[in-house]
Amino acid sequence: MERKITIEERGFYEEDYQMRMLKVNAPDGFLPVRGRGVDDCSYYEYDVSGKVSMKAMYERGKIGEEDLRHFLTAFQMAVREAEVYLLDVHRILLKPEYIFFEEGRFYFCYYPPARQDLWEEFHRLTEYFVKEADYQDKEAVRMIFLLHKGTMEENYSMEKLIKECFYQEEQPEKKEKKEVSYDTAEHDWITEQEMGSSILRETDNMWTPVKHFLNKHKKHRWGDWDGLHIEEEEL
């Protein structure tokens, strides 16, 4: 059974070099896509057979360390693949409903009409990670806050951030020292982000500011893109 999602865009459909490149080369990590035009609208259909969206996954569960490792590896590979095939990386969609998972791998939608900055979108995705994290998984929490804090920097390096996330995992002898530092510096950082200059120093419990952060953001909803809607079909 084939399953697909469709993104509709107002405007006449024109098949540019990016769509032709995707069809001919099928870059690794991207969902197969087909574009078509009907009247004054363009439709982009993505084959998601056998896959589940990130949004659906974490409505039933929480994001753990293994999930993050799979995602960061796939995202880094997708960016590199886009560059190899001369595709604009800023057309990679990073909203959870457009990221799909199957058998240990994440897949991305490449959307030619997208008007966005990929690095800003990645930062917004880390905000989603903060809300959906498994807070029993300390390594996942460490990685998420490294990502969230790092993506707030101007002109940050995605590769350096991902390397830092994996660095502690690969060197367990240094993990204990890093966790001690996290209890103070990272706790102060997240508290400062939420409370301004009034920093609470409850270093004996790193979970307290995290809970405060989640309580303030639990009603936040992802916005819809202007002029876009998504529909799901089963054939």
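The analysis underlying the following values was restricted to heavy atoms, covering all of them including side chains, and did not include hydrogens, waters or symmetry mates. Numbering starts at 1 and runs along the sequence shown.
- Proximity of Tyr128 to Ile63: side-chain heavy atoms (C-beta onward) are separated by under 4.5 Å at one or more points.
- The side-chain hydrogen bond (donor to acceptor under 3.5 Å, both in side chains) test applied to Gln18 returns Asp16, Tyr110, not counting sequence neighbours.
- Summarising the geometry, atom NE2 belonging to His123 is positioned 4.0 Å from atom CD belonging to Glu127; distances are rounded to the nearest 0.5 Å.
- Proximity of a side-chain donor or acceptor of Asp39 to a complementary backbone N or O of Cys41 within less than 3.5 Å is not detected.
- Phe100 has its ring centre no less than 6.0 Å from the ring centre of Phe108.
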Before you tell me yes or no, could you show the steps for Arg142 and Glu139 under salt bridge (Lys or Arg N to Asp or Glu O under 4.0 Å), namely the whole-Å CA-CA distance, both residues' side-chain angles and the distance that decides it to 0.1 Å? CA-CA 5 Å; Arg142 182 192 70 82; Glu139 184 63 12; 2.6 Å; yes
Exercise for the section: Start with the C-alpha gap between Arg115 and Glu9, add the side-chain angles, then the distance that decides, and say whether salt bridge (Lys or Arg N to Asp or Glu O under 4.0 Å) holds. Expected result: CA-CA 12 Å; Arg115 295 175 292 274; Glu9 175 86 0; 3.3 Å; yes
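- When the salt bridge (charged side-chain N to carboxylate O under 4.0 Å, His left out) test is applied to Glu102, the partners found at least two apart in sequence or on another chain are Lys51.
- The distance from the CZ atom of Arg124 to the CG atom of Asp117 is 8.5 Å, given to the nearest 0.5 Å.
- Closest approach of Pro96 and Ser53 over heavy atoms only: O-CB, 4.0 Å.
- Note on Lys23 versus Glu15: salt bridge recorded, some NZ/NE/NH1/NH2 to OD/OE distance being below 4.0 Å.
- Counting heavy atoms from C-beta outward, Leu68 and Ile144 have side chains that approach closer than 4.5 Å.
- A donor-acceptor pair is defined here as one N or O able to donate and one able to accept, closer than 3.5 Å; no such pair exists between the side chain of Ser42 and the backbone of Gly37.
- How far CE of Met54 is from CD1 of Ile99: 4.0 Å, rounded to the nearest 0.5 Å.
- Looking only at side-chain heavy atoms (C-beta outward), Ile5 and Glu45 stay at 4.5 Å or farther from each other.
- Not a single donor-acceptor pair under 3.5 Å links the side chain of His148 to the backbone N or O of Thr126.
- Side-chain atoms of Leu146 and Leu161, non-hydrogen and from C-beta on, never get closer than 4.5 Å to each other.
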Donor-acceptor pairs under 3.5 angstrom involving side-chain atoms of residues 72-82: please list them, not counting sequence neighbours.
| from | atom 1 | to | atom 2 | distance (Å) |
| --- | --- | --- | --- | --- |
| Thr73 | OG1 | Arg69 | O | 2.8 |
| Glu81 | OE1 | Asp28 | N | 2.8 |

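- Evaluation of the side-chain hydrogen bond (donor to acceptor under 3.5 Å, both in side chains) rule for Asn25 yields no partner, not counting sequence neighbours.
- With contacts defined as side-chain heavy-atom distances shorter than 4.5 Å, the pair Val33/Cys109 does not qualify.
- At least one donor-acceptor pair closer than 3.5 Å links the side chain of His70 to the backbone N or O of Gly104.
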Between Ile7 and Tyr98, does the side-chain contact (heavy atoms from CB on, under 4.5 Å) criterion hold? Intermediate values first, please. CA-CA 10 Å; Ile7 303 178; Tyr98 297 118; 3.4 Å; yes
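- Residues Gly64 and Ala140 approach most closely at C-CB, 3.7 Å, considering heavy atoms.
- Heavy-atom minimum distance, Gln116 versus Ile92: NE2-O, 2.7 Å.
- Using a 4.5 Å heavy-atom cutoff, the side chains of Leu22 and Met19 are in contact.
- For the pair Val84/Pro27, no side-chain contact is recorded, criterion being any heavy-atom separation below 4.5 Å from C-beta on.
- Expressed to the nearest 0.5 Å, how far CD of Glu132 lies from CD of Glu59 amounts to 8.0 Å.
- To the nearest 0.5 Å, atom CG of residue Asp137 and atom NZ of residue Lys62 are 13.0 Å apart.
- Taking the ring-ring contact (aromatic ring centres under 6.0 Å, His included) definition, one finds that Tyr44 meets it with Tyr13, Tyr111, sequence neighbours left out.
- A salt bridge links Lys95 with Glu121: at least one charged nitrogen is closer than 4.0 Å to a carboxylate oxygen.
- Val52 is linked by a side-chain contact (heavy atoms from CB on, under 4.5 Å) to Ala56, Met57, Arg60, Phe101, counting only residues two or more places apart in sequence or in another chain.
- For the pair Phe129 and Phe71, the minimum side-chain heavy-atom distance is below 4.5 Å.
- For Arg3 (side chain) and Ser49 (main-chain N/O), no donor-acceptor pair under 3.5 Å exists by modelled atom type.
- Summarising the geometry, atom OH belonging to Tyr58 is positioned 3.5 Å from atom CG belonging to Asp67; distances are rounded to the nearest 0.5 Å.
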Given side-chain contact (heavy atoms from CB on, under 4.5 Å), test Met158 with Ile162 step by step and report yes or no. CA-CA 6 Å; Met158 181 193 71; Ile162 293 177; 3.8 Å; yes
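- Counting heavy atoms of neighbouring residues, nucleotides and ligands inside a 6.0 Å radius, atom CG of Asp40 exceeds 12 of them.
- One N or O on the side chain of Tyr156 and one on the backbone of Trp119 form a donor-acceptor pair closer than 3.5 Å.
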